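As the structure lists them, so they are numbered: ligands from 1, and atoms in each ligand from 1. Sequential numbering from 1 along the given sequence is applied to the chain's residues. Computed from a prediction, not measured in an experiment: that's the story for all the values here.
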Amino acid sequence: MITVALERLVPEHIRRFEAYIPSKPDDVLMKMYRCRRLYRLNNNENPLGPPPAARKALAEFPPPRAAIYPSGDAYHLRRRLAENFGLDPDQILVGNGANEVIAFVIKAFCREGDNIVTADKTFAVYEWVAEFSGFQARLVPLKDFGFDDRAMLEAIDERTKVVFVCNPNNPTGKYWSLTRLKSFLDAVAGRRIVVVDEAYCEFVQQPDYPDCIRLIDQYPNLVVFRTFSKMYALAGLRIGYLAGSREVVDIIRRTCVVYSVNGPAQAAAMACLGDREHILRTRRLVREGKQFLKAELAGMGLSTVSGEGNFVMVRLPINDNLAYRKLMSRGIMVRSMTGFRFPGWIRVTIHQRQVLEAFVEALAEILEEV
Ligand code: PMP
């Protein structure tokens, strides 16, 4: 038998890297934890489901078209997005979720010895893609649960190519105002690519929250990420995009694998972009749910951190992985936060009232028991 000489095949940065294992499907988990139903409060999904126009587009998608490749560069969707935001279609790249476009950017700008800068407690995929691609991720500690602009500027060195700012930050919900973001961009002075990940922007209603797409003209090194997974409730279809100056997007386009976004996803996204009614209904659900949850948790003596976005972080007096397992056996899945470098915390997605009630009740039981 021939064994593979992996030692010599595998680069050091891959050897060191530990694969992320996503959660198992509901049917498997329900068997494992012996529960009859499972509420997923772990992935910041929108419990209202897709807007009506997206549902219609999906229902009307002709099955024979599954045999045909979709538009390889989401031609019509890019035109629709461009019209919506006052950009040129060539300033937009659509990906298989915003997750995919992270790699486009890193691959386009980093070479051996380069690094990216981001926060230590934020969406982890920036860090992971950099590291498994062989680049250093310089992680700057959060300050008061938000991105620390000064420390980020200090962390930038001559080998930094891309800076990732998650605004609002997942998982803390804190955000940079327009003034703060602009002074950060001014300090960077076009010398690095600055990515602002706005995955949760449609949830934010603060008057000083910046819409970064409007800043692209002024800052050609700015790249903005958006997704249809959160507000538009199309997470299962995997579709997101980036926008930037024509110059920068021309470079990023070279690293993007075309045909990665399926036809139903393109059709559904195009149909529902900008559906105000859906956005308002979702915002109401999130506002009311957050209020309810925070009051209940405060009543239990638990502290929470939340800001913008459809999620709340909760500090527990017990180990978060233990809480995860105990909640799972009661049919409730949350995000345990040790992996996000927040040991002792969980992140909970805002859901329908009756689901949040079930969560609160289960958590109260668990805390009583321990
Ligand atoms: N950015 C942030 C901040 C996120 O929270 C997520 C999803 N959890 C993504 C990007 C990726 O989203 P998508 O589903 O579009 O890949």
**Student:** Looking at residues at least two apart in the chain, or sitting in another chain, which of them share a side chain to side chain donor-acceptor pair (under 3.5 Å) with D148?
**Tutor:**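 For D148 there are no side chain to side chain donor-acceptor pair (under 3.5 Å) partners, ignoring immediate neighbours.
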
**Student:** Distance under 4.0 Å to a non-hydrogen atom of D197: what atoms of ligand 1 satisfy this?
**Tutor:** 1 (N), 2 (C), 3 (C), 10 (C)

**Student:** Does some non-hydrogen atom of E100 fall short of 4.0 Å from ligand 1?
**Tutor:** no

**Student:** Between F292 and R353, is there a cation-pi geometry (under 6.0 Å to ring centre, at most 45° from the normal)?
**Tutor:**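 Checked: cation-pi criterion met.
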
**Student:** I'd like to know whether ligand 1 has G97 as a neighbour, heavy-atom separation below 4.0 Å.
**Tutor:**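 So G97 counts as touching ligand 1.
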
**Student:** Side chain, backbone, both or neither: which part of N99 comes within less than 4.0 Å of ligand 1 when only heavy atoms are counted?
**Tutor:**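 Both backbone and side chain.
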
**Student:** Of the protein's non-hydrogen atoms, which lies at the shortest distance from atom 9 (C) of ligand 1, and what is that distance?
**Tutor:**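 Ranking protein heavy atoms by distance from atom 9 (C) of ligand 1, first comes F123 CZ, 3.4 Å.
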
**Student:** Answer yes or no: are there more than 12 heavy-atom neighbours, outside R287 itself, under 6.0 Å from its atom CZ?
**Tutor:**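 Atom CZ in R287 is packed in, count exceeds 12.
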
**Student:** Of all the heavy-atom pairs spanning P51 and C272, show the shortest one and how long it is.
**Tutor:**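 For P51 and C272, the tightest heavy-atom pair comes out as CG-CB, 3.6 Å.
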
**Student:** On the six-membered ring of F342, is K121 placed so that its NZ or CZ lies under 6.0 angstrom from the centre and within 45° of the ring axis?
**Tutor:**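 Verdict for F342: a cation-pi partner in K121.
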
**Student:** Please tell me if the side chains of Q266 and N262 come closer than 4.5 Å, counting only heavy atoms from C-beta onward.
**Tutor:**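 Heavy-atom side-chain distance check fails, nothing below 4.5 Å.
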
**Student:** In terms of heavy-atom contacts, does CD of E369 have more than 12 from other residues, nucleotides or ligands at under 6.0 Å?
**Tutor:** yes

**Student:** Could an N or O of ligand 1 be found under 3.5 Å from any N or O of A98, whether backbone or side chain?
**Tutor:** yes

**Student:** Angle between ring planes, F123 versus Y126, binned at 30° and 60°: parallel, tilted or perpendicular?
**Tutor:** perpendicular

**Student:** Checking a contact table here: which protein heavy atom is nearest atom 8 (N) of ligand 1, and how many Å away?
**Tutor:**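 For this ligand atom, the closest protein heavy atom is K230 NZ, 3.0 Å.
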
**Student:** Which residue and non-hydrogen atom of the protein lie closest to atom 16 (O) of ligand 1, and at what distance in Å?
**Tutor:**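 Looking at atom 16 (O) of ligand 1, the protein heavy atom closest to it is R238 NH2, 2.8 Å.
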
**Student:** Taking the non-hydrogen atoms of C166, is any one of them nearer than 4.0 angstrom to ligand 1?
**Tutor:** yes

**Student:** Below 4.0 Å, non-hydrogen atoms only: which portion of S229 touches ligand 1? Side chain, backbone, both or neither.
**Tutor:**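 The part of S229 near ligand 1 is the side chain, not the backbone.
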
**Student:** So, regarding N170 and ligand 1 (criterion: nitrogen or oxygen to nitrogen or oxygen, under 3.5 Å), is there a contact or not?
**Tutor:** yes

**Student:** Taking distance alone, with no angle check, do Y200 and ligand 1 share an N/O pair under 3.5 Å?
**Tutor:**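 Between Y200 and ligand 1, an N or O pair is found under 3.5 Å apart.
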
